[in-house]
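Lettering follows sequence order; numbering is per chain, from 1.
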2 protein chains.
Amino acid sequence: MTAITSVKGTRDFYPEDMAFQRWLYASIRAVSEQFGYQEYDGPFLERVDLYAARSGDELVREQSFVFPDRSGELIALRPELTPSLARMIAARSRVLPRPIRWWSFGPFWRYEQPQRGRSREFFQWNIDLLGVNSPEADAEMAAIAAAFLGRVGLGPDAVRILINDRRLAELQLQSIGIPTAQQSAVFRLIDRRDRLGPDAWEAEARRTGLEGRQLEQLQAALADREAWRTSDELRRFFRAAEALGAAQYLEYDPTVIRGLDYYTGTVWEARDAAGEYRAILGGGRYDDLISAVGGDPIPGTGFAMGDVVIRLVLEKYDALPKLRTNPADLMIASFEVESLEPALQLAARFRSAGLRVEWYPQADRLPKQLKFADRQGIPLVAILGPEEIGSKQVTLKNMQTGNQESVAIELAIARVKELAAAQARPSA
Amino acid sequence: MTAITSVKGTRDFYPEDMAFQRWLYASIRAVSEQFGYQEYDGPFLERVDLYAARSGDELVREQSFVFPDRSGELIALRPELTPSLARMIAARSRVLPRPIRWWSFGPFWRYEQPQRGRSREFFQWNIDLLGVNSPEADAEMAAIAAAFLGRVGLGPDAVRILINDRRLAELQLQSIGIPTAQQSAVFRLIDRRDRLGPDAWEAEARRTGLEGRQLEQLQAALADREAWRTSDELRRFFRAAEALGAAQYLEYDPTVIRGLDYYTGTVWEARDAAGEYRAILGGGRYDDLISAVGGDPIPGTGFAMGDVVIRLVLEKYDALPKLRTNPADLMIASFEVESLEPALQLAARFRSAGLRVEWYPQADRLPKQLKFADRQGIPLVAILGPEEIGSKQVTLKNMQTGNQESVAIELAIARVKELAAAQARPSA
């Protein structure tokens, strides 16, 4: 019959792909816990109402997988986590001790055209600090992002974190006479600046209602790299980031505004130095979101990072780790049926001693079995043929050096542990 | 505004819930790797064709979330993993070295009535051995299940693994004159025996076309606990399981048949001793599935375990672990603005030394800060008030003993590591 294909924009994680996901998760976990954050997760399905009018129309109406379930209720495959976080916090806002420091790594879905750096099903790291409205809390977020980048081998020469503050941006818009009602539209316009060419962007600016003089003033504001000095919040933000050792990654950038409607303060994202990847990670402050989903007002700040772009960036800057996919310390070779039970018993003994043991499950020729162990990167092979069984010995073959040695079965565990400890084995 | 609720049958994972998921994943990973299995995963969305006519009609037509995507293609939220595994293996059947030993832990969805032990969104451990058709391969699967149960503290007195073989069951059906065409229906009937009462089951048996004499013979076959001795496969299976140290969990049970249509050999599931939980984990041999999705024929054997029932079983047998949710080794208390920068710098120094450090983000009264650390189970608090800053010292408070001591800042890292190492901290 014909092969059945996978769904467009989804990925299969073969063991070599999964090894990367595991390494990424382990890196994310280490950094999140270094700052004292607790892991949580929301459901993967949410009612579409949760997103409507808060995340921005585009995300829900145009980019989400939405479907009626069998009872007719409209369900979304979650396109982002922050609304679920807000719902969960709102549900326990009276009892959760604050500050709330939570992180998560899980799957998300967006119905976008699959392309390099974008898949319809992807994973995302989310990390948030709730219950505190201070520039130092925002700086902690940026310091976490910087610690992650440093840990995975992406220095400040490769990736920069660009910061802005919507409170400052709002003042700038006010000062050039843009009314409050028009701000949200102008923010979306600024957010689209890098994606459109200059001409297309100016045309869109005119459609948004910006006149010649105002447009010039807006362009000037977007070019002013010193405006952060007028903002108390940004000054405190940069001072705290410096104390946290993250300053070398950070830069004020008035063109960063972020697409989501719920941000109320700092907004920031990481880009690579070559400008190829625009939002390696990104986030900001959202002080009204918890009350918007029915809870007490609780301020929040956080960011998210997808797994697809970071992998491309690591590849580009030669920082992808080399990882083993087979976890076994040892493979046990197989002979005729009569030596099967002693081999399985030996495997069980090794496992009880804490070793990871793969058993070659049929009596193929020994060279074929050794070739398998070699291709899998298994460092040791234990050979228990009829001869060894007769003399209560086992032959240990070191696959890196080719050395072979015979040891008494009762001494085998100790010897295998010695040999395994002597071999470096990078793994996720 | 009104609170937005979550979708029926989904779960929120607050940190205390997530701690269990992490512990479960870590246990599953340890056991899977102990047997040399490699982690992988499929996509969470698959085309509905992948399941049609292979998993059994009920699972796809009645129990899956199925929806057309924006291009009109029918998509399913995966209700199980084995068809995705088969598709992935089929796509690389010529190049993957065999044996293939793979495991996975990820989300699945079934549109069932939510109840105790069932949610619409759940996680499942899947583990499979492909490329080998032998009773020893099946025995390895059962040994993995037994090793997992032993590791999480569920002894053979609490949970039993019940085994049957569809090849043996087919012979039994043939011997009582049930034609091959009717076998699949009778298997489904046997599978439903425990869920229906005896009367309802007999009525359904008659609807399936079983006459009085045949029904009696079927009842007799389902009561015969010694029939496995007539099966070469089951005799070898039990011998290998014994060699692998798993025998004490295993029992032949002719009533175990499993609901999925693709099984071709051994079928088995774990039940608790009290008979409350019917399929704590379950699996079997499926030798035709890879060719059915378009690959070369490759035999396979495996099992799956959901996260919802195992948690209830652990709870029932008092084997739920106590887990910390806050990862911090240390909390840094906060004072007035002037001591903010030194506190953040100290946090950064501790973190560079590999410590996990939470910083209390505002200058609340010290008792309030200490109470927070206590509720979070953070074992140490570092106090860096104006006095300490003046004398270049930091006060360390041990939250378990209440002891306080002052140490010079440059000696603080070494002292904190000593104190942290002295404290037992179970965690996932």
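With a threshold of 4.5 angstrom between heavy atoms, B/S71 approaches chain A through its backbone and through its side chain. Residue contact with chain A, scored on non-hydrogen atoms closer than 4.5 Å, involves the backbone and the side chain of B/Y14 alike. Contact annotation for B/F44: both backbone and side-chain heavy atoms come within less than 4.5 Å of a heavy atom of chain A. For a residue to count as touching a neighbouring chain, one of its non-hydrogen atoms must lie under 4.5 Å from one of that chain's; by this rule B/R375 touches chain A with the side chain only. Only the backbone of B/R98 has a heavy atom closer than 4.5 Å to any heavy atom of chain A. Heavy-atom distances place the side chain of B/E140, and not its backbone, under 4.5 Å from chain A. Contact of B/Q376 with chain A is made through the side chain alone, with heavy-atom distances under 4.5 Å. Contacts between B/I75 and chain A at a heavy-atom distance below 4.5 Å involve the side chain alone, from C-beta outward. Both the backbone and the side chain of B/E39 come within contact range of chain A, each with at least one heavy atom under 4.5 Å from a heavy atom of that chain. Within the 4.5 angstrom heavy-atom criterion, no atom of B/L346 approaches chain A. Interface residue A/A240: backbone and side-chain heavy atoms are both found under 4.5 Å from chain B. Only the side chain of B/Q362 comes within contact range of chain A, with heavy atoms under 4.5 Å apart.
Applying the ring pair (Phe, Tyr, Trp, His ring centres under 6.0 Å) test to B/Y40 and every residue at least two apart in sequence or in another chain returns B/W102. With sequence neighbours left out, the side chain to side chain contact (heavy atoms under 4.5 Å, CB included) criterion links B/A146 to B/I161, B/A246, B/Y249.
B/R22 and A/E33 are joined by a salt bridge, as a carboxylate oxygen and a charged side-chain nitrogen come within less than 4.0 angstrom of each other.
A/R101 places a side-chain N or O within donor-acceptor distance of the main-chain N or O of B/W359, the cut-off being under 3.5 Å.
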